[in-house]
Peer 1: 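Take a look at this one; I'll ask things after.
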Protein chains: 2
Amino acid sequence: MSQRKTTGDAVARVTIRDVAERAGVSVASVSRVLSGSNYPVSDTVRSRVMQVVRDLDYVTNAHARSLAGMGTPTVAILINNVTAAAFAHIAKGVEGAATLRGWLSLVGTTGDDPERELALVDLMRQQGVAAVVLLGGAYDHDGYQLRMARFARSLDAVGSHLVLVGRPPLQGDVPATTVDYDNESGAYAMAGHLLSAGHRRILTLPGPAELSTAQGRLNGARRAFEAYGVPFDRGLLRQGPYDEAYGYAAVDAALHETPDFTAVLAGSDIVAAGAMQALRAAGLRVPEDVSITGYDDIPLASQLTPQLTTVHVPYEEMGRVALHAVADRRKSAGAEARRTGPNAEHLVLGTHVVVRNSVRSSKRYPRVTASVRTATKVSR
Amino acid sequence: MSQRKTTGDAVARVTIRDVAERAGVSVASVSRVLSGSNYPVSDTVRSRVMQVVRDLDYVTNAHARSLAGMGTPTVAILINNVTAAAFAHIAKGVEGAATLRGWLSLVGTTGDDPERELALVDLMRQQGVAAVVLLGGAYDHDGYQLRMARFARSLDAVGSHLVLVGRPPLQGDVPATTVDYDNESGAYAMAGHLLSAGHRRILTLPGPAELSTAQGRLNGARRAFEAYGVPFDRGLLRQGPYDEAYGYAAVDAALHETPDFTAVLAGSDIVAAGAMQALRAAGLRVPEDVSITGYDDIPLASQLTPQLTTVHVPYEEMGRVALHAVADRRKSAGAEARRTGPNAEHLVLGTHVVVRNSVRSSKRYPRVTASVRTATKVSR
DNA sequence: TTGAAAGCGGTACCAG
DNA sequence: CTGGTACCGCTTTCAA
């Protein structure tokens, strides 16, 4: 019934030539009808082409189209772990915004492996993606700056662009866009919340020592302690990976070694969940005996009992913002032809404390409001 | 410093021709060196090419390569919602297996919108993806079968393939692969667990009435009731969307209308979480006063207090299995040239109950082991 | 308005 | 072994 030719063993895809032939017009005309070119085409030709397209269920070959110059812009999202709720939300934001703009999105997971990250960046470069978005905190050691700068430049060289989301911005004149949240202020506010509720012995579980986000959260907490004139006790600081087990183990150990803490300042909601379990296992109640706070405000936070007081990070919005930033950039780059000024952009979104039921006043102290919500834009 | 020509306003990407020229060899040689062709190439040429590639930071153009026939196979994953934990796990499985085989993965989200689903399938067809994987339960109304059959055929026509994961298989000779789990048996086992623990008044919250997975879960439960000779009371059945609010509202209402239930059989872990909150809000303890079970076994299940007894669904494995199925299929299709026999495949993975702490014996009844773990393969 | 033909960047076949 | 070149499928001048 169909005229498709079968070349050897595979069904040959219907091409624009097949359509042209069957419609009795030239391929140029078919292209003009289908590519949304505003070039004049008679209605007869147009309708005849459309009819054949429907009959043959034809779709244009995206690769050929890209080669010829008019491809769909694609954004590549590189994640460490798809199942991490926070990352999934950023990805959702990027993907949603991409779709809205008619962009396509590719996803790759690195599993925290630098080798794989490099391979993926290269792969995306081959794909000619419009932008590569790297998600999540970065480990500070082994030349993160250099590594990213290299990525940024090699992507820039092929007309692509690097976007860092939730990662530290790059120093110097590196062609990359950073979308970040006010990590440290969030931690400052959260710790302040605990301190103003009268807590003084606070078990602090910021996360992995080398991870940029964990460092920021720790710094924020220390600044809050300082502001309240409370000495920071290193004995109450325990670092470890962002997972439940860490929260559990840290509390468990602290219960033996420094059992006088009245609150746990966790570096993430997941860690808080682990901490909560450890407290329960020890027969302690939350928040009656010990208060707990989290960070991230992923859905889990409100599913726990008691619901977790935590720091809200606008993950999905960051994803959206990131995509819009590159998309706009791309548009204006087309107009201005050559970049005139600086090439790096740094967007910072605000965070704020969400008060739920996992914190209880320990004594009476002046209460301080510590909600930060700012959207700063720093171009350099 | 670099020899890249700047055409008008955009940086021209380094091409294979640039490399050839600079290395003083032909493009054919460069291609042979880079495309992994096992064609003989002298070491001198090879090393000279590699050197230039490094100097120029050259990467091949994936679109051109695809056009020429030797592109990277790509799998498209279409999800309703990236942030749903279960889907994220399937996606992870697919992505991981794809990577392992050197495949690329594209992700698109449909937001439960059929229009968008159609648009995406078309888009993927344009991209010439090797397979399109559709994730998650399907709504049974408005000709799901017809719709999917159409997708399957149109993908098949361009040499692609439809894969349904966690969705009902297609009837008739439709070219599609289905990877499913034993949904109904899981529900049967879970309900049986509750029944054998002595519960008789069980509030059943399977999920949305029209969703295939919810239907299966309800059927499984009913069969278990039957097997135990317990009449199924429709007054204890409440349907609704798979979310926390539904679980909360349903329990809340039941507490007023049919407060004699001793257990809640939730259609998903999320729903169970909502149910748990409603019980707590009413001053009831879990599991002392009321037992709860979930379904899915997402991480949340073990993060709740008490940890949730639930049905484990091998989501990530399903994703892996799905990818391997299409990949293998593709390989053999190349060898056999033309399909010889039937074209549809249906893989079913097993589910099993994970006993944790949210269920308590109500009276004493003979205990029944109800763990199902089978991997059935039905080719037709 | 329409059609013919020149690329876009690679791959692979065919001569040397 | 190496180089020349005919495609792959589509977009876009350039003429007609």
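So that the names make sense, note that chain A is the first sequence line, chain B the second, and so on, each numbered from 1. Given the structure is predicted, the values throughout are model-derived calculations rather than measurements.
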Peer 1: What is the distance from CD of B/Glu21 to P of C/dG10, rounded to the nearest Å?
Peer 2: 14 Å

Peer 1: Is it true that B/Arg48 and B/Gln51 share a donor-acceptor pair across their side chains at a distance under 3.5 Å?
Peer 2: no

Peer 1: The side chain of A/Thr15 is closest to which nucleotide in this list: C/dT11, D/dT2, D/dG9?
Peer 2: D/dG9

Peer 1: Mind calculating the distance between CG (A/Asn61) and C1' (D/dC10) to the nearest angstrom?
Peer 2: 8 Å

Peer 1: Side chain of B/Arg32, base of C/dG10: donor and acceptor closer than 3.5 Å?
Peer 2: no

Peer 1: Over how many whole Å does the gap from A/Asp18 atom CG to D/dC8 atom P extend?
Peer 2: 11 Å

Peer 1: Whole-Å distance between C/dT11 C1' and B/Asn38 CG?
Peer 2: 14 Å

Peer 1: Could you check how far CG of A/Leu34 sits from P of D/dG9, rounded to whole Å?
Peer 2: 16 Å

Peer 1: Could you tell me whether A/Val30 contacts a base, only the sugar-phosphate backbone, or nothing, with contacts defined as non-hydrogen atoms closer than 4.0 Å?
Peer 2: nothing

Peer 1: Between C/dT1, C/dC14, D/dG3, which nucleotide gets closest to the side-chain atoms of B/Tyr39?
Peer 2: C/dC14

Peer 1: Would you indicate what B/Val59 reaches in the nucleic acid, counting non-hydrogen atoms under 4.0 angstrom: base, sugar-phosphate, or nothing?
Peer 2: sugar-phosphate

Peer 1: Heavy atoms from C-beta onward define the side chain here; which of C/dG10, D/dT12, D/dT11 lies closest to that of A/Ala28?
Peer 2: D/dT12

Peer 1: Classify the nucleic acid contact of A/Ser31 as base, sugar-phosphate or nothing, counting any heavy atom under 4.0 Å across all strands shown.
Peer 2: base

Peer 1: One thing to verify: whether A/Arg153 and A/Asp156 come together as a salt bridge, which I'm taking to mean a side-chain N less than 4.0 angstrom from a carboxylate O.
Peer 2: no

Peer 1: Rounded to whole Å, how long is the line connecting atom CE of B/Met70 with atom P of C/dG9?
Peer 2: 18 Å

Peer 1: Between A/His324 and A/Arg101, do the side chains contain an N or O donor and an N or O acceptor separated by less than 3.5 Å?
Peer 2: yes

Peer 1: Nearest to the side chain of A/Val27 - C/dT2, C/dA5, D/dT2?
Peer 2: C/dA5

Peer 1: Nearest whole angstrom, please: distance from the P of D/dG9 to the CD of B/Gln127.
Peer 2: 16 Å

Peer 1: Rounded to the nearest Å, what distance is computed from the CG atom of residue B/Leu67 to the C1' atom of nucleotide C/dT11?
Peer 2: 11 Å

Peer 1: Show the numbers, then the answer: is there a side-chain contact (heavy atoms from CB on, under 4.5 Å) between B/Met50 and B/Val33?
Peer 2: CA-CA 8 Å; B/Met50 293 308 278; B/Val33 171; 3.8 Å; yes

